[in-house]
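Note sheet for the following structure.
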Amino acid sequence: RVDPPGAREQVTLLLEHWIKIWNDAGGVEQKCVQYLTILQHQNVLKTDESTEVFLRIAAEVCVEFCVKSGAKAEGSDLPTLNYKVIDAFASMLTILVKYASADPQSLTSRVHLLNRILGTLHRVLVADSEGPRGARPMAFDQRPYFRVFANLLRDLTAPDPVVDANNLQVLGAFANAFHGLQPQSVPAFAFSWLELISHRTFMPTLLLAKPAQKGWMLMHRLLVDLFVFMEPYLRRSQLPLAIKTLYKGTLRVLLVLLHDFPEFLCDYHFSFCDVIPPNCIQLRNLFLSAFPRTMRLPDPFTPNLKVDLLPEIAQPPRILSNYVAALSYNGIRQELDNYLKNRAPKSFLEWLPGRLRASPSQAASGSASYNVASINALVVYIGSQSILQLQKSPQNTAIGHLPTMDVFQHLVTTLDAEGRYYLFNAIANQLRYPNNHTHYFSCVLLYLFAEVTVENSEVVQEQITRVLLERLIVHRPHPWGLLITFIELIKNPRYNFWAKEFTHCAQEIERVFESVARSCM
Amino acid sequence: ADGTGLTAPLDQSSSLAALEASMRSMPTNHDRDRVRPYTPRNPYQVPERFFGPVPSPIFEDPAIFEKFQADTLFFIFYYQQGSYQQYLAAKELKKHSWRFHKKYKTWFQRHEEPKLTTEELEQGTYVYFDYQGTYELKSGWCQRIKYDFTFEYEYLE
Amino acid sequence: LGSDLTTLGLNLNSSKSLYSTFSSPWADGPSKSEPQFQIPACYYM
């Protein structure tokens with residue numbers, strides 16, 4: 001970009017003037033508002049273009065000053081930054097939002113200016129991180145930008161009579177800005193980004209804002225952004241240090257969500273499972289072990305626990321993720337609905353496994369040769385249809401008699417080992433807190449274990465066992481539904497579990513089973 | 001910020017390189033903690049060994065508020081507006097069954113069980129904290145009793 | 001096998017919210033600066 005002649009000097013002078021006013025005001029906002037008259041007098045905010053030029057150059061000048069004036073810290077090659085100018089700059093932006101928008105008493109007007117400011121900061125940050133001509137220099141310092149955003153978050157989410165209870169608009173502006181700065185777009189800002197989206201003036205406020213689902217949608221999108229970035233690296237067995245560090249921070253954020261906002265994790269569990277690689281078992285368990293705060297989970301180790309008599313298992317879980325989308329995308333939904341209604345044509349069952357294969361581009365990217373999202377969606381959709389059918393059918397209708405079980409059984413017998421693994425994973429992903437999905441899918445998994453009719457059925461039984469076991473042997477937390485399903489499998493003589501060859505195939509495996517069984521029984 | 005203009009994603013190795021390079025400038029406590037500048041309202045030169053230059057950190061501890069009497073809590077509430085201390089004082093007053101009336105901006109406490117309770121209000125005798133004084137009672141800053149007062153719940157904070 | 005999540009510096013048994021003292025994804029313990037708090041607008045005179 002070519003700045004208008006003299007623009008940089010003018011903006012620098014204006015900034016110096018602002019810093020003096022800000023220092024003299026001692027933090028009293030009203031005393032700073034006089035500065036707006038100076039800006040108006042110089043036509044700085046007269047047009048969108050002049051506003052953009054002012055904001056951009058001001059951001060560049062302040063960041064440059066901050067980085068250059070850092071003091072060398074002992075034992076570190078990175079200078080400790082002095083934030084006086086950055087803090088003053090952020091305060092100026094706050095004053096602009098509150099008092100300089102077209103109609104300061106209008107929240108919409110304020111948010112419009114806030115969006116403009118955040119957009120400018122985004123562009124300056126990206127340009128800085130990429131360096132001249134897209135060279136992406138290694139010298140980018142994320143800290144001044146982090147500081148500006150953190151200050152803006154603190155100051156603009158504080159109670160204000162104009163914003164009042166409608167802070168979702170302000171938070172939404174920040175959420176959109178952070179979505180634009182997501183790690184996949186600006187990896188050099190990823191650490192700051194995670195800290196900002198989990199900031200205590202942002203994340204909890206967004207999740208507590210009314211109406212609840214709008215704030216939740218925005219937070220959900222940001223977490224998906226995070227996992228979309230990390231997914232290719234988490235799939236590998238060895239994590240680079242930077243990813244390990246980012247992952248550790250992610251775990252902490254998720255633990256705060258699990259403790260303070262478990263319902264949020266519950267209601268979006270489906271889409272989170274979609275973006276986590278299958279090998280991240282503890283991470284997935286974190287999502288799946290969330291349960292509503294009002295619920296008291298019965299101890300899964302209670303002797304003679306009658307799960308089917310628990311009142312909670314009659315209730316459906318709330319699923320806010322759009323799990324039907326993946327089915328509509330590859331044409332499965334219509335054919336599936338037809339089959340579930342008419343139990344015909346039989347050719348549907350032959351056709352289905354092929355539709356679950358990954359597209360050539362998905363396969364080329366090195367992920368599974370199956371479209372795992374489609375399998376996940378298919379399983380949940382079948383489950384919800386099945387439960388509806390059971391509710392309409394006479395009492396004691398067995399799940400094995402439903403057309404939905406035809407689909408499961410056919411897939412079990414025709415998919416290869418990899419496909420079956422994803423299928424069982426998708427079923428096990430529904431083993432969560434007591435609700436009718438947990439109960440249904442627990443029954444499905446146990447039914448498939450007991451009724452598998454392929455040649456060498458122990459291969460399938462071993463696979464079901466493996467899917468459950470690998471979720472149990474990792475460190476806690478463990479979802480309630482997972483525990484009760486495994487306990488049922490090993491305790492109920494119907495499944496004849498301990499007679500299976502794979503439970504004794506190797507000493508290490510025997511020890512693992514004994515250890516898990518001991519803690520279960 | 002308006003959702004357009006997302007930067008095109010890099011390939012994985014470039015992303016990882018950028019992420020790894022950014023580890024050196026990860027924010028630390030120095031970068032995230034903004035110290036609120038303390039400016040005394042009426043500066044006066046006093047020996048530092050008697051009066052510290054900044055408020056004592058003991059007032060950041062919620063536990064000390066349990067030791068304050070109601071008058072002290074009211075003082076903090078009205079004279080430290082917008083501060084963490086006002087928040088803690090309000091919390092402590094609520095623990096002692098004081099309730100804030102949003103219209104009169106004062107604290108009320110039931111002197112006895114209400115004579116009447118509906119979904120919208122309760123009525124009875126209350127103690128309230130007079131921080132302003134009224135036309136009839138010019139001197140404020142004390143607790144007063146009010147008979148037959150109606151506390152509408154729409155004004156309950 | 002994952003890791004022991006109880007060693008990440010968060011009091012998972014706390015009866016209070018964790019977010020009010022959560023300072024950073026990479027901090028080993030709760031924030032030492034004042035916790036997050038909200039003052040209702042009606043508290044301002």
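In what follows, chains carry the letters A, B, and so on, assigned in the order in which the sequence lines appear, proteins first and then strands, with residues in each chain numbered from 1.
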Which of residues 102-109 of chain B have a heavy atom under 4.5 Å from any heavy atom of chain C?
B:Lys102, B:Lys105, B:Trp107

Using the test side-chain contact (heavy atoms from CB on, under 4.5 Å), find all partners of B:Cys142 that sit at least two apart in sequence or belong to another chain.
B:Arg144

Table please: side-chain donor-acceptor pairs of residues 145-154 of chain B below 3.5 Å, with sequence neighbours left out.
from     : atom 1 : to       : atom 2 : distance (Å)
B:Thr150 : OG1    : B:Gln123 : NE2    : 3.0
B:Tyr153 : OH     : B:Glu122 : OE1    : 2.6

So, the side chain of B:Gln81 versus the backbone of B:Tyr78: is there a donor-acceptor pair under 3.5 Å, distance only?
yes

Enter the distance from B:Phe74:CZ to B:Trp98:CH2 here, rounded to the nearest 0.5 Å.
4.0 Å

Residue pair B:Phe68 / B:Glu92, side-chain heavy-atom distance below 4.5 Å:
no

Please name all residues satisfying side-chain contact (heavy atoms from CB on, under 4.5 Å) with B:Thr118, sequence neighbours left out, ordered by chain then number.
B:Leu116, B:Glu120, B:Leu121

